Peer 1: 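Let me begin by handing over the structure; questions about it come next.
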Amino acid sequence: MDRIGFIGLGRMGRPMASNLRRRDFDLIVHDVNAEAMAALAALGAATAVSVAEAAARADVIITMLPNSAIVAQVIQGAEGVLSAARPGSLVMDMSTVDPQTTDAIAADCARRGIGFVDAPVGRLATHADAGQSLFMVGGSAADFARVRPMLEAMGSTIHYCGPAGAGIRTKIVNNFLAVSLCQLNAEALTLATALELDLENTLDVLYGTTASNGQLRVNWLQKVLAGDTSAGFTIDLAHKDLSLILDAADAVRVSMPMGAAARDAFSRARARDFGGKDFSAMLDAHCDAVGLVAPRLPAGSRHRA
């Protein structure tokens, strides 16, 4: 069995690495957060004091990191993964980054005789906790087969999207809809509040028509409408993803006016100190902007069953 080096134990990476250990994968972890490493050590994982040590001791190196710059530095930097990884090993990046970063890393790996897979994650942090993440995978058929058992330990749905780079490009398309829907939902429920409509009755209607969407039906019921805006996937990260989306669209000369409007709304929310809240809190940001109290479902609501 391949030994796995897991780098990046944040809100998504930590439960994913934990699920690998629970399925008895041989795991060595590294993170800047010592507490996160200690939690994995308690599950039986080995720890590494540096990225290079984790890469040198592993056969498959997984990265789950916040942004393109950090991913590039961790993998391609002077003391990064590729400075220590052996030929025949494999790098799997599960971060959400710009496609150009993914392409550059894939090419760098190929020059060194190292496999590469991009496998960005769909669904929410709660799904990662439960081992029910969705993965969009790019890479060769052989590399995909090598990492598939690991993906199955961390998630319940795996989509093979094509060669290296296809996974992150699919994620960008997916996130355009998922993130932009938060702004549409925020405006719709703010309008409903201003019109003094009953929230539960309004949701009954929206869930029964083609206006329904996964954010409103799943994430919002668990988060903002239940009064929980603690960070699962933050407004800051959603804004970062919208920037990636618009940059990718610009590179292929595709106009995205709705995407630009959504990013502007997220920018305004960040300017009013909502950036660290869950992205469903766009409802609170929009209500705050127009002077309304954001609606909440009561504890006994039929929608919170």
Side-chain angles (χ1 to χ4, degrees), residues 6-8 10-13 16 60-77 80-82 85 90-112 114-125 127-128 133-148 150-152 154-155 157-181 233-234 236-254 256 259 262-263 266 279:
F6 202 110
I7 300 167
R11 182 61 186 92
M12 296 292 283
M16 288 177 178
V60 172
I61 304 98
I62 297 175
T63 51
M64 184 64 177
L65 299 163
N67 59 49
S68 301
I70 293 174
V71 169
Q73 179 62 33
V74 166
I75 295 178
Q76 298 173 290
V81 169
L82 295 183
L90 184 147
V91 174
M92 178 163 67
D93 181 39
M94 299 195 300
S95 317
T96 300
V97 299
D98 65 79
Q100 290 76 20
T101 296
T102 297
D103 293 347
I105 292 171
D108 208 354
C109 286
R111 284 191 293 269
R112 299 166 186 258
I114 295 169
F116 177 77
V117 168
D118 57 303
V121 185
R123 298 181 179 158
L124 306 168
H127 293 102
S133 292
L134 178 150
F135 298 100
M136 294 154 269
V137 186
S140 72
D143 287 343
F144 173 53
R146 185 175 179 181
V147 301
R148 182 160 193 153
M150 303 163 203
L151 296 172
E152 289 172 343
M154 296 183 285
T157 306
I158 302 167
H159 294 287
Y160 179 55
C161 301
I168 191 58
R169 287 171 168 85
T170 304
K171 174 68 182 287
I172 281 175
V173 173
N174 178 81
N175 273 25
F176 167 58
L177 289 174
V179 174
S180 297
L181 282 169
F233 180 69
T234 64
D236 281 337
L237 285 175
H239 178 269
K240 180 264 292 185
D241 282 5
L242 284 167
S243 296
L244 292 178
I245 290 158
L246 292 174
D247 288 346
D250 185 62
V252 292
R253 298 186 180 183
V254 171
M256 299 190 74
R263 183 173 65 176
F266 276 76
F279 71 144

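Quick caveat: nothing in here was measured; it's all calculated off a predicted structure.
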Peer 1: The criterion is side chain to side chain contact (heavy atoms under 4.5 Å, CB included); which residues satisfy it with Ile172, sequence neighbours excluded?
Peer 2: Pro99, Ile245, Ala248
Peer 1: Using a strict 4.0 Å threshold on nitrogen-to-oxygen distance, state whether Asp108 and Arg112 make a salt bridge.
Peer 2: yes
Peer 1: On a heavy-atom basis, which atom in Gly167 and which in Cys161 lie closest, and how many Å separate them?
Peer 2: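 Heavy atoms only, the tightest pair is N-CB, 4.3 Å.
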Peer 1: For Phe233, give me all partners under ring pair (Phe, Tyr, Trp, His ring centres under 6.0 Å), at least two apart in sequence or on another chain.
Peer 2: Phe279
Peer 1: Determine whether Arg148 and Tyr160 satisfy the following criterion, side-chain contact (heavy atoms from CB on, under 4.5 Å), listing intermediate values before the conclusion.
Peer 2: CA-CA 10 Å; Arg148 182 160 193 153; Tyr160 179 55; over 6 Å; no
Peer 1: Show your reasoning for whether side-chain contact (heavy atoms from CB on, under 4.5 Å) applies to Gln73 and Leu65.
Peer 2: CA-CA 11 Å; Gln73 179 62 33; Leu65 299 163; over 6 Å; no
Peer 1: Is any side-chain heavy atom of Leu242 closer than 4.5 Å to one of Ser180?
Peer 2: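 When only atoms from C-beta onward are counted, Leu242 and Ser180 do touch, with a gap below 4.5 Å.
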Peer 1: Could you grab the distance from atom CD1 of Ile114 to atom CD1 of Ile75, nearest 0.5 Å is fine?
Peer 2: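 Here the interatomic distance stands at 10.5 Å.
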Peer 1: Please report the shortest heavy-atom distance between Leu82 and Cys109, naming the atom on each side.
Peer 2: CD2-SG, 3.9 Å
Peer 1: Should Arg123 and Thr157 be marked as a side-chain contact (heavy atoms from CB on, under 4.5 Å) after you check the CA-CA gap, both sets of side-chain angles, and the distance that decides it?
Peer 2: CA-CA 10 Å; Arg123 298 181 179 158; Thr157 306; 3.0 Å; yes
Peer 1: Lys171 side chain to Val121 main-chain N or O, any donor-acceptor pair under 3.5 Å?
Peer 2: yes
Peer 1: Partners of Phe135 by ring pair (Phe, Tyr, Trp, His ring centres under 6.0 Å), sequence neighbours excluded?
Peer 2: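 Ring pair (Phe, Tyr, Trp, His ring centres under 6.0 Å) list for Phe135, sorted by chain: empty.
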Peer 1: Rounded to the nearest 0.5 Å, what's the gap from NE2 on His127 to CG on Leu134? Could you check?
Peer 2: 9.5 Å
Peer 1: Does the side chain of Thr102 reach to within under 4.5 Å of the side chain of Arg169, using non-hydrogen atoms?
Peer 2: no
Peer 1: Considering all heavy atoms of both residues, which atom of Ser140 and which atom of Asp143 are nearest to each other, and what is their separation?
Peer 2: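 For Ser140 and Asp143, the tightest heavy-atom pair comes out as OG-N, 3.1 Å.
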Peer 1: Considering all heavy atoms of both residues, which atom of Gln100 and which atom of Ala251 are nearest to each other, and what is their separation?
Peer 2: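 Nearest heavy atoms, Gln100 then Ala251: NE2-CB, 4.2 Å.
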Peer 1: To the nearest 0.5 angstrom, please state how far the OG atom of Ser133 sits from the CE atom of Met94.
Peer 2: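 Those atoms lie 8.0 Å apart.
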Peer 1: Taking all heavy atoms of Pro120 and all of Ser95, pick out the closest pair and write down the distance.
Peer 2: CB-O, 3.9 Å
Peer 1: From Ile158 CD1 over to Met136 CE, what is the distance, rounded to the nearest 0.5 angstrom?
Peer 2: 12.0 Å
Peer 1: Nearest 0.5 angstrom please: Arg263 CZ to Leu246 CG, how far?
Peer 2: 4.5 Å
Peer 1: Over all heavy atoms of both residues, which pair between Phe266 and Ala238 is shortest? Give the atoms and the distance, please.
Peer 2: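 Answer, listing the atom of Phe266 first, then Ala238: CE2-CB, 3.5 Å.
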Peer 1: Is there a donor-acceptor contact under 3.5 Å from the side chain of Asp118 to the main chain of Ile168?
Peer 2: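 Yes, Asp118 side chain to Ile168 backbone: donor-acceptor pair under 3.5 Å.
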Peer 1: Just by modelled atom types, is the Asp98 backbone N or O under 3.5 Å from a matching donor or acceptor in the Ser68 side chain?
Peer 2: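 Yes, the answer is positive, given that a donor and an acceptor are paired below the 3.5 Å cut-off.
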Peer 1: Determine whether Met92 and Leu151 make a side-chain contact, defined as any pair of heavy atoms from C-beta on separated by less than 4.5 Å.
Peer 2: yes
Peer 1: Working to the nearest 0.5 angstrom, can you tell me the gap between Asp93 CG and Thr101 OG1?
Peer 2: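 Asp93 CG to Thr101 OG1: 9.0 Å, rounded to 0.5 Å.
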